[in-house]
A.B. asks: 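The structure that follows is given in the form of structure tokens.
Quick note: residue numbers are just sequence positions, from 1. No hydrogens, no waters, no symmetry mates; every other heavy atom, side chains included, goes into these values.
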Amino acid sequence: MIALQHLKTSLDQIPSSCFQRVIEQLPFPLQIFSLDGVARYINQACIDQIGISSVEEHIGHYNVFEDPIVIQQDAVEEIRRVLKGEVVI
């Protein structure tokens with residue numbers, strides 16, 4: 001727990017613009033969601049993989065809890081747990 005607190009403190013000291021550039025350069029898809037499941041950030045790798053044509057229409061509008069594929073795979077509750085900070089395997 002101490003290591004996680006130290007990591008959070010360290011991340012808080014990194015300017016958000018720097019953190020955003022690092023995330024943008026990741027070679028794997030990444031989306032960040034708010035607790036209510038709404039997409040708040042998506043990197044280019046995710047845009048390319050999913051085939052999103054309009055980032056503006058995705059960010060702030062797409063809700064992972066309403067995604068038919070997520071619902072079909074019965075993954076809504078697992079995603080809720082992850083967004084609350086629980087490790088789900």
A.B. asks: Provide the closest heavy-atom pair for Asp67 versus Ile69 in the form atom of the first, atom of the second, distance.
C.D. replies: OD1-N, 2.7 Å
A.B. asks: I'd like to check the side chain to side chain donor-acceptor pair (under 3.5 Å) partners of Glu66; sequence neighbours left out, ordered by chain and number.
C.D. replies: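 Side chain to side chain donor-acceptor pair (under 3.5 Å) list for Glu66, sorted by chain: empty.
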A.B. asks: According to a hydrophobic-cluster definition based on side-chain heavy atoms being under 4.5 Å apart (Ile, Leu, Val, Met, Phe, Trp, Tyr only), do Tyr62 and Leu35 belong together?
C.D. replies: yes
A.B. asks: For Asp74, which residues count as a side-chain contact (heavy atoms from CB on, under 4.5 Å) partner, sequence neighbours excluded?
C.D. replies: none
A.B. asks: Give, for atom CD of Gln44 and atom CG of Leu30, the distance between the pair rounded to the nearest 0.5 Å.
C.D. replies: 12.5 Å
A.B. asks: What pairs with Glu86 under salt bridge (Lys or Arg N to Asp or Glu O under 4.0 Å), at least two apart in sequence or on another chain?
C.D. replies: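 By the salt bridge (Lys or Arg N to Asp or Glu O under 4.0 Å) rule, Glu86 matches Arg81.
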A.B. asks: Considering residues at least two apart in sequence or located in another chain, which fulfil the ring-ring contact (aromatic ring centres under 6.0 Å, His included) criterion with Phe33?
C.D. replies: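 Phe33: no ring-ring contact (aromatic ring centres under 6.0 Å, His included) contacts found.
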A.B. asks: Cluster partners of Val38, using ILVMFWY side-chain heavy atoms under 4.5 angstrom, listed by chain and number?
C.D. replies: none
A.B. asks: Name all residues meeting the side chain to side chain donor-acceptor pair (under 3.5 Å) criterion together with Glu24; count only those two or more places apart in sequence or in a different chain, and write none if there are none.
C.D. replies: Tyr41
A.B. asks: Using 0.5 Å steps for rounding, measure from the SG atom of Cys46 to the CD1 atom of Ile32.
C.D. replies: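 CD1 of Ile32 is found 10.5 Å from SG of Cys46.
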A.B. asks: If you look at every heavy atom in Leu26 and Ala45, which pair is closest and at what distance?
C.D. replies: O-CB, 4.0 Å
A.B. asks: What pairs with Asn63 under side chain to side chain donor-acceptor pair (under 3.5 Å), at least two apart in sequence or on another chain?
C.D. replies: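 None.
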A.B. asks: Between CD1 of Ile42 and CD1 of Ile50, what distance do you get to the nearest 0.5 Å?
C.D. replies: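 CD1 of Ile50 is found 4.5 Å from CD1 of Ile42.
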A.B. asks: Below 4.5 Å, heavy atoms only, C-beta onward: do Phe65 and Val70 meet side chain to side chain?
C.D. replies: no
A.B. asks: Between Asn43 and Gln25, is there a donor-acceptor pair closer than 3.5 Å when you use the side chain of the first and the backbone of the second?
C.D. replies: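 It does not hold such a pair.
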A.B. asks: Could you tell me which residues satisfy salt bridge (Lys or Arg N to Asp or Glu O under 4.0 Å) with Glu77, sequence neighbours excluded, listed by chain and number?
C.D. replies: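 Arg80.
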A.B. asks: The criterion is side-chain contact (heavy atoms from CB on, under 4.5 Å); which residues satisfy it with Ile71, sequence neighbours excluded?
C.D. replies: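 Listed in chain order: Val76.
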A.B. asks: Share the residues that join Ile89 in a hydrophobic cluster, the rule being Ile, Leu, Val, Met, Phe, Trp or Tyr side chains under 4.5 Å apart at the heavy-atom level.
C.D. replies: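 Hydrophobic cluster check, Ile89: joined to Val87.
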A.B. asks: Side-chain donor-acceptor contacts of residues 51-58 below 3.5 Å, not counting sequence neighbours, with atom names and distances?
C.D. replies:
unit_1 : atom_1 : unit_2 : atom_2 : d
Ser54  : OG     : Glu57  : N      : 3.2
His58  : NE2    : Gln31  : OE1    : 2.7

